[in-house]
**Student:** 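For reference, the structure I am asking about is given below.
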Amino acid sequence: MDLQDKETTCGEILPVVIIGNGPSGICLSYLLSGYTPYLSPEGWHPNPLLHSKLAEQPHLSLLEQDLEYLCEGLEGRSSNPVAVLFDSLLLPDSDFGLDHTSPLEWRYEPERAIPHLVLGKGPPGGAWHV
Ligand SMILES: Cc1cc2nc3c(=O)[nH]c(=O)nc-3n(C[C@H](O)[C@H](O)[C@H](O)COP(=O)(O)OP(=O)(O)OC[C@H]3O[C@@H](n4cnc5c(N)ncnc54)[C@H](O)[C@@H]3O)c2cc1C
């Protein structure tokens, strides 16, 4: 495929090409497909500070909120604060062996979708295969 033109074989112009089909590429593709994270109406996070911040603007998706503000004070296994935030939102306190339900709900909002292509050298999943 000619990456310079970012064209599919059907001739459609794609505004986004994601290089790599590991967990990062898969998650980004999910978001670009229009799946959008919100605090669910019954959502509860065991970190009281994070929970109160999330509850300030529950009508806004996380993608429209100040991620730096939400990330403040969180600790986790990644040096990327947004990765730590999403880990904490998807599986709260899982590093302590706890099994809390995620406070997020994912709404499919096709109007947000951006056409894209994910390129990988092998099957999807990246490092998870090894
Ligand atoms: C031993 C180990 C255990 C782990 N255990 C856990 C765990 O229990 N839970 C957890 O959440 N995380 C775990 N992780 C971390 C998790 O695997 C990584 O955070 C995650 O794989 C990172 O995803 P990624 O998409 O950024 O990168 P990768 O998983 O590395 O995926 C990148 C992909 O892109 C492809 N690629 C790279 N360059 C190109 C290119 N130019 N063109 C096309 N394709 C390309 C690569 O072949 C690869 O398939 C573990 C990691 C390791 C090493």
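Order of appearance sets the numbers: ligands from 1, and atoms from 1 within every ligand. Note: hydrogens, waters and symmetry copies are ignored here, and every other heavy atom, side chains too, is used.
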**Student:** Taking distance alone, with no angle check, do Ser24 and ligand 1 share an N/O pair under 3.5 Å?
**Tutor:** yes

**Student:** What protein heavy atom lies closest to atom 11 (O) of ligand 1? Include the residue and the distance to one decimal.
**Tutor:**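 It is Trp128 CZ2, 4.4 Å.
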
**Student:** So how far is it from Glu72 CD to Leu85 CG, rounded to the nearest 0.5 Å?
**Tutor:** 11.5 Å

**Student:** Could you check whether atom 5 (N) of ligand 1 has a protein contact, counting only heavy atoms that fall below 4.0 angstrom?
**Tutor:**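 Protein heavy atom within 4.0 Å of atom 5 (N) of ligand 1: absent.
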
**Student:** Under 4.0 Å and counting heavy atoms only, is there anything from the protein next to atom 51 (C) of ligand 1?
**Tutor:**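 It does not: no protein heavy atom is found less than 4.0 Å away from atom 51 (C) of ligand 1.
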
**Student:** Return the CG to CG distance between Leu54 and Leu104, rounded to the nearest 0.5 Å.
**Tutor:** 7.5 Å

**Student:** Using a strict cut-off of 4.0 Å, indicate which atoms of ligand 1 neighbour a heavy atom of Pro23.
**Tutor:** 20 (C), 21 (O), 23 (O), 24 (P), 25 (O), 29 (O)

**Student:** Tell me which part of Asn21 gets within contact of ligand 1: side chain, backbone, both or neither, using heavy atoms under 4.0 Å.
**Tutor:**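 Both backbone and side chain.
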
**Student:** Could you tell me whether Asp87 and Arg77 make a salt bridge, using a distance below 4.0 angstrom between a side-chain N and a carboxylate O?
**Tutor:**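 Salt bridge flag = no for Arg77 with Asp87.
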
**Student:** Please check atom 39 (C) of ligand 1 for a protein heavy-atom neighbour under 4.0 Å.
**Tutor:**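 Yes, there is a protein heavy atom closer to it than 4.0 Å.
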
**Student:** Tell me: protein heavy atom nearest atom 9 (N) of ligand 1, and distance?
**Tutor:**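 In this structure, atom 9 (N) of ligand 1 has Arg77 NH2, 4.3 Å as its nearest protein heavy atom.
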
**Student:** Between Gln65 and Tyr38, is the side-chain contact (heavy atoms from CB on, under 4.5 Å) condition met? List the steps.
**Tutor:** CA-CA 10 Å; Gln65 298 193 35; Tyr38 289 84; over 6 Å; no

**Student:** How far is atom 33 (C) of ligand 1 from its nearest protein heavy atom, and which residue and atom is that?
**Tutor:**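 Its nearest protein heavy-atom neighbour is Gly22 N, 3.6 Å.
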
**Student:** Supply the atom-to-atom distance Leu117 CG to Leu14 CG, rounded to the nearest 0.5 angstrom.
**Tutor:** 6.0 Å

**Student:** Going by distance only, is there an N or O of Gly120 that falls short of 3.5 Å from an N or O of ligand 1?
**Tutor:**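 Between Gly120 and ligand 1, no N or O pair is found under 3.5 Å apart.
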
**Student:** Would a search of protein heavy atoms around atom 25 (O) of ligand 1 find one under 4.0 Å away?
**Tutor:** yes

**Student:** In terms of atom number and element, which parts of ligand 1 are under 4.0 angstrom from non-hydrogen atoms of Gly126?
**Tutor:** 29 (O), 31 (O), 48 (C), 49 (O)

**Student:** Is atom 19 (O) of ligand 1 less than 4.0 angstrom from some protein heavy atom?
**Tutor:** no

**Student:** May I ask you to check whether Ala127 has an N/O atom sitting below 3.5 Å from an N/O atom of ligand 1?
**Tutor:** yes

**Student:** Taking the inter-plane angle between the rings of Tyr30 and Tyr35 on a 0 to 90° scale, is it parallel (under 30°), tilted (30 to 60°) or perpendicular (over 60°)?
**Tutor:**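 Geometry flag for Tyr35 against Tyr30: parallel rings.
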
**Student:** Any donor and acceptor pair, going by atom type alone, linking the side chain of Ser61 with main-chain N or O of Thr36 inside 3.5 Å?
**Tutor:**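 Judged by distance alone, no pair lies under 3.5 Å.
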
**Student:** Please indicate, with yes or no, if any protein heavy atom is found under 4.0 Å from atom 46 (C) of ligand 1?
**Tutor:** no

**Student:** Going from NE2 on His45 to OG on Ser88, what distance comes out if it is rounded to the nearest 0.5 angstrom?
**Tutor:**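 It comes to 3.0 Å.
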
**Student:** Are Arg112 and Glu109 within salt-bridge range, i.e. N to O under 4.0 Å?
**Tutor:** yes

**Student:** Out of curiosity, Leu49 CG to Leu74 CG, how far, rounded to the nearest 0.5 Å?
**Tutor:**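 Output value for this atom pair is 8.0 Å.
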
**Student:** Can you check whether a protein heavy atom sits less than 4.0 angstrom from atom 29 (O) of ligand 1?
**Tutor:** yes

